[in-house]
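Here's the structure we're looking at; comments come further down.
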Amino acid sequence: MSTHPDLPPGSRCVRNVRRDFAEWHRGRPRYALWALDVDVPALQQRMHAAQAHLDGLLLDGYRRQPHVTLSLCGFPSAEPRHADDFGAAALEAQLAALRAARPAPFEIGIGALDSFASAPYLTVNDTDGRIAALRACLAAGDLNRPDGRYTPHVTVGLYADAWPAEAVRPRLASFAPGAALRLRVGGIGLFGYAAADIGGPLARIADYDFASGMLRWHDALPFSC
């Protein structure tokens with residue numbers, strides 16, 4: 001059983017609020033990230049079950065699809081000016097690193113309910129370290145510099161208030177995840193979301209396929225914003 005180290009006894013959850021974080025996005029409309037797309041029926045069901053189990057604790061209106069974040073890219077920009085802008089050169093460096101590494105398909109396991117201070121999540125088991133290898137590729141071009149411990153996870157929602165840990169920890173521990181869930185990963189996705197919408201849905205921008213080493217676009221090139 002997890003001891004929920006990010007929500008220790010005596011602590012409180014981080015309260016999330018629904019507002020326009022204009023001081024963060026500074027008018028830039030979309031934020032981009034690389035992630036594993038795990039939006040499949042079996043995981044949707046587990047995520048919905050976890051949300052129901054934590055009913056009353058979570059911020060309303062969380063609509064983000066199941067995913068495992070690999071790298072936070074930044075705000076797509078044709079002419080990057082800020083440290084958190086994401087331009088074409090950064091993307092090309094990431095793609096070159098992925099093609100050089102030639103990652104192969106692998107499996108991950110989805111486990112129990114755990115929590116950061118701000119958000120509960122389903123644990124992700126990557127016993128072979130393949131997620132770490134992908135993150136190393138996506139750090140190309142001095143992107144995604146480590147700023148703390150990385151924990152692969154599938155976010156369930158966001159806490160709506162600064163709940164005491166003593167009220168939350170038993171709820172987390174009593175969740176029964178059900179049968180073991182294994183998912184095959186054959187590529188990664190580049191996604192975006194509206195920067196002014198906390199917990200808003202992801203929009204698929206492109207997919208990188210491990211087998212072909214090709215990037216397939218689903219949306220317009222992201223550097224026109």
Side-chain angles (χ1 to χ4, degrees), residues 14 16-39 59 61-103 116 118-119 130-155 158 185-225:
V14 173
N16 293 277
V17 295
R18 187 164 298 286
R19 68 176 180 87
D20 182 355
F21 292 87
E23 70 281 5
W24 169 61
H25 63 69
R26 291 181 281 189
R28 295 169 291 180
R30 183 164 61 162
Y31 194 86
L33 69 152
W34 286 100
L36 304 183
D37 180 6
V38 292
D39 189 16
L59 188 70
Y62 185 83
R63 296 176 292 149
R64 200 151 291 172
Q65 304 94 316
H67 67 285
V68 180
T69 298
L70 297 172
S71 173
L72 301 176
C73 299
F75 295 91
S77 174
E79 298 180 359
R81 297 188 302 274
H82 305 290
D84 55 356
D85 282 339
F86 178 59
L91 175 62
E92 287 304 319
Q94 291 177 325
L95 293 176
L98 285 167
R99 288 166 181 151
R102 300 179 63 183
F116 300 120
S118 61
R130 305 294 290 278
I131 288 178
L134 287 171
R135 279 175 50 79
C137 292
L138 297 172
D142 205 29
L143 284 171
N144 198 36
R145 288 175 296 217
D147 56 1
R149 176 171 57 88
Y150 170 76
T151 302
H153 64 280
V154 178
T155 302
L158 303 170
V185 175
I188 62 177
L190 181 64
F191 296 91
Y193 62 84
D197 185 6
I198 184 171
L202 296 175
R204 187 184 302 273
I205 300 172
D207 283 316
Y208 179 84
D209 178 66
F210 293 162
S212 66
M214 299 297 293
L215 187 72
R216 182 164 64 100
W217 293 97
H218 297 273
D219 197 354
L221 286 170
F223 308 113
S224 59
C225 25

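Checked by atom type and distance alone, the side chain of H153 never pairs as donor or acceptor with a backbone atom of T155 at under 3.5 Å. S77 contributes a side-chain N or O that, together with a main-chain N or O of E79, makes up a donor-acceptor pair within less than 3.5 Å. In this structure, the side chain of Q65 does not engage the main chain of D39 through any donor-acceptor pair within 3.5 Å. Listed for the R28 side chain is a donor-acceptor partner under 3.5 Å among the backbone atoms of W24.
D207 and H218 are linked by a side-chain donor-acceptor pair at a separation below 3.5 angstrom, with hydrogens and angles left out of the test.
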Return a table of donor-acceptor pairs under 3.5 angstrom between the side chains of residues 195-203 and protein atoms on other chains or two or more places apart.
unit_1	atom_1	unit_2	atom_2	d
D197	OD2	R63	NH2	2.5

Test side chain to side chain contact (heavy atoms under 4.5 Å, CB included) on I205 and W217 and set out the steps.
-> CA-CA 6 Å; I205 300 172; W217 293 97; 3.6 Å; yes
Test F116 against T151 for side chain to side chain contact (heavy atoms under 4.5 Å, CB included), laying out the working first.
-> CA-CA 10 Å; F116 300 120; T151 302; 4.0 Å; yes
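When all heavy atoms of C73 and L190 are compared, the pair lying nearest together is SG-CD1, 4.0 Å. The minimum heavy-atom distance between R135 and Y150, with the atom names listed, is CD-CE2, 3.3 Å. The nearest pair of heavy atoms linking L215 to A206 is CD1-CB, 3.8 Å. The two residues A119 and L158 come nearest to each other via the heavy atoms CB-CD2, 4.0 Å.
Counting heavy atoms from C-beta outward, L59 and R18 have side chains that approach closer than 4.5 Å. Taking the side chain as every heavy atom from C-beta outward, E23 and R26 never approach each other to under 4.5 Å. A heavy-atom distance below 4.5 Å is not found between the side chains of S71 and L33. Within the 4.5 Å cutoff, side-chain heavy atoms of I188 are placed close to those of F210. When side chains are defined from C-beta on, Q94 counts as touching L138, because their heavy atoms get closer than 4.5 Å. You'll find the side chain of P80 stays beyond 4.5 Å of the side chain of F86, heavy atoms only. Within the 4.5 Å cutoff, no side-chain heavy atoms of L70 are placed close to those of P152. Contact check for Y31 versus H25: no side-chain heavy atoms found under the 4.5 Å cut-off.
Looking at residues two or more places apart in sequence or on another chain, you find no ring pair (Phe, Tyr, Trp, His ring centres under 6.0 Å) involving Y208. Residues that satisfy the side chain to side chain contact (heavy atoms under 4.5 Å, CB included) test with R102, not counting sequence neighbours, are absent from this structure.
For R19, the CZ atom sits in a packed shell: over 12 heavy atoms of surrounding residues, nucleotides or ligands are nearer than 6.0 Å. Residue R216 qualifies as open at atom CZ: its count of foreign heavy atoms under 6.0 Å is 12 or below.
Rounded to the nearest 0.5 angstrom, L95 CG and M214 CE are separated by 10.0 Å. One distance of note links CZ of R130 with CG of L36; it measures 11.5 Å at 0.5 Å rounding.
A cation-pi geometry, defined here as NZ or CZ lying under 6.0 Å from the six-membered ring centre and within 45° of its normal, does not hold between R30 and Y193.
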